[in-house]
Amino acid sequence: MKLKKTKLPKKYKHFLIGILIVIVYYWALSGTDTSLSSFAKGFPFMVDFIKRMFPPDISNLNVYILKAVETLQMAIIGSSLGALIAFPLSFLAARNLMSNKIVYQTVRAIFDICRGINEIVWGLIFVSMVGLGPFPGVLALAAHVTGALGRYFSEAIETVNPEVIKAIVSTGANKIQTIVRGIFPEVKPLFVNYSLYYLENNFRAATVLGLVGAGGIGMELITSMRLFKSREVLTILIVMILTVTMIDRFSAYLRKKIVNIEVVE
Amino acid sequence: MIKIENLTHRYKNRKEDALNNIDLHIKHGESVVLIGSSGAGKSTFLKCINRLVDPDSGKIHIDGKEILNCPIKEAEKIRINIGMIFQHFNLHERETILKNVLNGRLSYNNTFKTILGKFSKEDYEIARNNIKRVGLEEYENERVAYLSGGEKQRVGIARALSQEPKIILADEPVSSLDPKLMREIMDLLKKICEEESITLVSSLHFLDFAKRYATRVIGMRDGKIVFDDKPEELTEQNIVEIYGKTRDWYMYGKLGF
């Protein structure tokens, strides 16, 4: 195969790419009113805002901690629900299992829609459907996770070595047996790993779901902000940062353990 | 035992047939070895016998039952009688030997029990017996990932035997092993097949090897059978015909056993 030579010399090509990048940034900056001078003008107000946050007001700390726990509960139920729905569907969205193109494309499209809509937007939708509180939050997380995990699960299934599957088929196993004993053992650690990753992700997402009334610590944050109780805002932010860090660390530790045990050894 | 008529297959986007009008009758208890260069159609041929590859045309009868032109459910039933061993073992690396060997019992188990991961007492007994037979009884709960290549192929053999098959297909069973292990594994496979009077159809790369383990050698070239006789009838002329006029066959022929 002959490689096509570019007509322009390299020097001009780089120059043209450079001009293109400058144009794109100019266009994007002008559309967003981003300017150093307005940042400088606003700076004293920011300093004032931060000053008003100190010292943090811990009189309602126990409420915030309870709300953080509620956030974690939302993340656990939302992620599990999403994983449970995604699990069976993902087998329908794997090209190596589903020869029916219509089914495959439809399930993939459902995953893409679920995943394409942000948790906050799902939150708005479910709040208007089932009212305020943590329940619409759980549904919002589950909807998004179904799409995301469904996509990852089905891609994991597609990467299973077809030769290993053939060995199970050759024993006379039927299709379901082939999935259970041929494919599932190969994807199990990946499934667990992805699910834990989304649990961690969902906790972060759940902290802001309260902004649209869908439960969790975000609800406290938006209330205090609206009442200009800046000192409470700081306490809530600290609780958020601490819990998110804790959950992230714990989940990362668990995932690392699983990868070590199941894959590397 | 295995009756093959007019078997022809061409892979998608290929200009030449992988298999071209093959007729063959394999009798009970034979040890048939397929030889030929890479791409001669040996592997495709083996995979047609248990319908892992669905050929374009032709008929294959296993014990009088047609496996190709029938619903897949029927083919699954026929596959019970045909064990298969692979070049790259095709085991679940993360699972234990016992679990891998139990997979040979899947066709005797019902779907619901499979989902729950349950097997009957008899299934366990047969699986353990076969693990013992290939000499791995002390390691049944060891993960396959920890085993050496030779041990992995022993697990492959135990899995195939657990089907209680009448036929074993071995697709380059020793090509990823070193020469000493090659002999060990082939000796074991041949011994078991003779004891159980299992018909063995294997593809092997080396001529010396083919001669040693075959009661019948089949030479393939470009999807056709160009030699079919007892191993001692194989002449230099035949070998050139099978491997072509390049001196490839010399390499395949002499490994120094």
Side-chain angles (χ1 to χ4, degrees), chain A residues 1 84 87-92 94-101 153 156-196 254-265, chain B residues 43 46-47 49-53 67 72-96 99-117 119 143-146 155-156 159-165 168-169 171:
Chain A
M1 211 169 66
L84 277 177
F87 178 68
L89 285 179
S90 64
F91 288 90
L92 300 178
R95 220 170 310 177
N96 51 347
L97 283 180
M98 188 36 73
S99 43
N100 186 335
K101 262 197 178 155
F153 283 179
I157 294 168
E158 283 175 357
T159 60
V160 174
N161 179 2
E163 286 292 310
V164 175
I165 303 172
K166 274 181 199 160
I168 303 299
V169 172
S170 77
T171 65
N174 64 36
K175 187 138 193 179
I176 294 171
Q177 288 178 320
T178 307
I179 291 172
V180 175
R181 300 287 290 197
I183 293 170
F184 189 60
E186 297 288 298
V187 295
K188 197 170 61 183
L190 275 178
F191 278 22
V192 176
N193 199 14
Y194 288 146
S195 303
L196 275 174
L254 267 185
R255 285 191 291 124
K256 214 174 165 187
K257 275 237 139 164
I258 287 162
V259 171
N260 274 343
I261 293 166
E262 296 283 348
V263 186
V264 177
E265 68 176 9
Chain B
S43 184
L46 282 173
K47 282 176 181 152
I49 296 177
N50 63 357
R51 204 173 157 182
L52 282 185
V53 170
I67 187 170
I72 197 73
K73 278 273 151 208
E74 294 296 312
E76 279 166 11
K77 273 182 205 154
I78 300 171
R79 277 182 189 141
I80 300 173
N81 300 312
I82 313 173
M84 193 161 193
I85 298 165
F86 302 83
Q87 178 180 358
H88 299 295
F89 324 123
N90 298 4
L91 302 163
H92 295 300
E93 294 273 323
R94 280 184 292 267
E95 302 221 300
T96 62
K99 267 197 161 178
N100 270 285
V101 174
L102 273 172
N103 284 341
R105 299 299 297 170
L106 282 175
S107 51
Y108 297 89
N109 204 357
N110 72 42
T111 309
F112 186 65
K113 274 174 108 184
T114 306
I115 293 172
L116 297 179
F119 284 89
R143 283 184 194 217
V144 167
Y146 294 135
V155 178
R159 177 172 66 187
L161 286 176
S162 296
Q163 284 174 242
E164 303 184 303
I168 286 186
L169 307 173
D171 188 7

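Lettering of chains follows the sequences in order, A, B, ..., and the numbering in each one begins at 1. Just so it is clear, the model here is predicted, and its values are computed rather than measured.
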- Have B/Asn100 and B/Glu95 got a donor and an acceptor in their side chains that come within less than 3.5 Å? no
- Return the option, out of B/Asn50, B/Leu52, B/Asn110, with the maximum number of heavy-atom pairs under 4.5 Å with chain A. B/Leu52
- Message: Under a 4.5 Å cutoff for heavy-atom pairs, which residue among B/Asn109, B/Asn81, B/Leu106 has the most contacts with chain A?
- Response: B/Leu106
- With side chains defined as the heavy atoms from C-beta onward, is the minimum distance between A/Val164 and B/His92 less than 4.5 Å? yes
Contact class of [X] relative to chain A, heavy atoms under 4.5 angstrom:
X: B/Lys73; answer: side chain
X: B/Leu91; answer: backbone
X: B/Arg51; answer: neither

- CG-CD distance between A/Asn96 and A/Glu158, expressed to the nearest 0.5 angstrom: 5.5 Å
- Query: Is it true that A/Phe184 and A/Phe91 have ring centroids separated by less than 6.0 Å?
  - Reply: no
- Of the listed A/Asn161, A/Ile165, A/Val180, A/Thr178, the one with the largest count of heavy-atom pairs under 4.5 Å with chain B is A/Val180
- Task: Work out which heavy atom in A/Arg181 is nearest to a heavy atom in B/Lys99; give both atom names and the distance.
- Result: NH2-O, 3.2 Å
